[in-house]
Amino acid sequence: MQVVIVGAGPAGLMLGRLLARAGIDCVILERQSRAHVEARIRAGVLEHGAVELLTAAGVGERLQREGLVHDGVELAWGGRRLRIDFRALTGRGVTVYGQTEITRDLNEAHAAAGSRIYYECGEVTVRDLAGPAARVTARHAGSPLGFACDYVAGCDGFHGVCRQAIPAGLRREYERVYPVGWLGVLADTPPVAPELIYAHHERGFALCSMRSTTRSRYYVQVAANEDPAAWNDARFWDELRRRLPHDVADGLVTGPSIEKSVAPLRSFVAEPMRHGRLFLAGDAAHIVPPTGAKGLNLAFADVSVLAAAFVERYAAGSEAALDAYSATCLARVWKAERFSWWFTQLTHRLATDDFGARLQDAEFDYLAGSPAAQQVLAENYVGLP
Ligand code: RFL
Ligand code: PHB
């Protein structure tokens, strides 16, 4: 076996697809069921690079048809509104297409190609990363599974086992935990506005997003440990309305929620992203708060670099790109960490004193008056090259 991929989230499924198309022998081991993975409502905004990667992987057809191209977003604070015109400032837009749809498209392509994906694997272990062959074991359908392989791709998310397989003394972790979370609601109602609205309010941040022209996704800032069961639909809609500009709130169409959950906000980076035969990709190596919509895009950027490095290794016999993998990815990761952190502290209610709150007001005011500042936001939001 050439590569064992642990995790069938967006990173693992995409990497598997890129390797299979390059004729590299691989399997994917996933703890959850396929239905569970496809039902996880998470990301919704794709950078241009992610759209290109999906297209290159042969899974861009439905995305091209159903994805919504957005040329800007709106910011709202203290009765003021500002549209950031991505198209005018960068020549690019972003595409709204749900993570649920991406995992479904990737799974369908894998099924048609006869890829080996073992869902509902228990007890995945990763060993011998410094030896002549790595070893990955698991339990699947009551039987043991075992693979000796050249490389392991750790695409098993923040709570996975692969990062822990790097000895603590060789791994450095950088983290910032915010005292807040996002309470998210999905509803089959038309979106309140044609573009996303990021709203700063003294009661806390709110975001109006969407999955399609008939399905909305809304978030409100809550305490990190908030229990979603404490929020019936009426309470959620009331709170959202209070945090939006009046005319937006007046146009809000409410309806029964299809999903409701709380996601805590965290910034996290583990370095290096490689240890011997193990390569970490996506949330296994780094987490960003969702404010900048960067998590899935970073995961795709990682696996795009990793797939090209594996191709170079097997087609040309060179390990140079594999050796450069961690540094190449971390350069992008830290810029996305910086942007996600900045956009979070701009838009959320985090300040612990009046000085912090005044700085936040000043920053919005500066942004509103400075095309240069708007360009910085736009460039980062649509995705750095
Ligand atoms: P995932 O999706 O967590 O997948 C990891 C997979 O590994 C499996 N696994 C294991 N398998 C085998 N053995 C084990 N021991 C295992 N442990 C775990 C898991 O079951 C899972 O299937 O990581 P991946 O592939 O790196 O993908 C990352 C993205 O899912 C994540 O970054 C995004 O969802 C973040 N995110 C957003 N990203 C964007 O780019 N744009 C957005 O608009 C956006 N919005 C969001 C988001 C994340 C959110 N939440 C809930 C954290 C909005 C929210 C609310
Ligand atoms: C979403 O639609 O889920 C979404 C959109 C933008 C973000 C985060 C999440 O910044």
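Whatever order the structure lists them in is the order used to number ligands and atoms, beginning at 1.
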Determine whether the side chain, the backbone, both or neither of [X] has a heavy atom under 4.0 Å from any heavy atom of ligand 2.
X	answer
Leu196	side chain
Tyr218	neither
Ser209	side chain

Inset, instruction - Measure across Met1 and Ala148 and return the closest heavy-atom pair with its distance rounded to 0.1 Å. - result: CB-O, 3.4 Å
Legend entry - Salt bridge flag under 4.0 Å for residues Arg215 and Asp188: yes
Legend entry - Atom indices of ligand 2, in the order listed, that fall short of 4.0 Å to a heavy atom of Arg42: 3 (O)
Inset, instruction - Give the atoms of ligand 2, by number and element, whose distance to some non-hydrogen atom of Val45 is under 4.0 Å. - result: 5 (C), 6 (C)
Inset, instruction - Please answer: with hydrophobic residues joined when any side-chain heavy atoms are less than 4.5 Å apart, are Val303 and Val269 in the same cluster? - result: yes
Inset, instruction - Can you figure out which of Pro290, Ser216, Ala263 has its heavy atom closest to atom 8 (C) of ligand 2? - result: Pro290
Legend entry - Glu312 versus Ser318, side-chain donor and acceptor atoms under 3.5 Å: yes
Inset, instruction - Compile the protein residues with any heavy atom at a distance under 4.0 Å from an atom of ligand 1; present them by chain, then by number. - result: Val6, Gly7, Gly9, Pro10, Ala11, Leu29, Glu30, Arg31, Gln32, Val37, Arg40, Arg42, Ala43, Gly44, Val45, Gln99, Val124, Cys155, Asp156, Gly157, Gly160, Val161, Tyr219, Ala263, Gly282, Asp283, Pro290, Ala293, Lys294, Gly295, Leu296, Asn297, Ala299
Inset, instruction - Please identify each residue that fulfils salt bridge (Lys or Arg N to Asp or Glu O under 4.0 Å) with Arg242, with sequence neighbours left out. - result: none
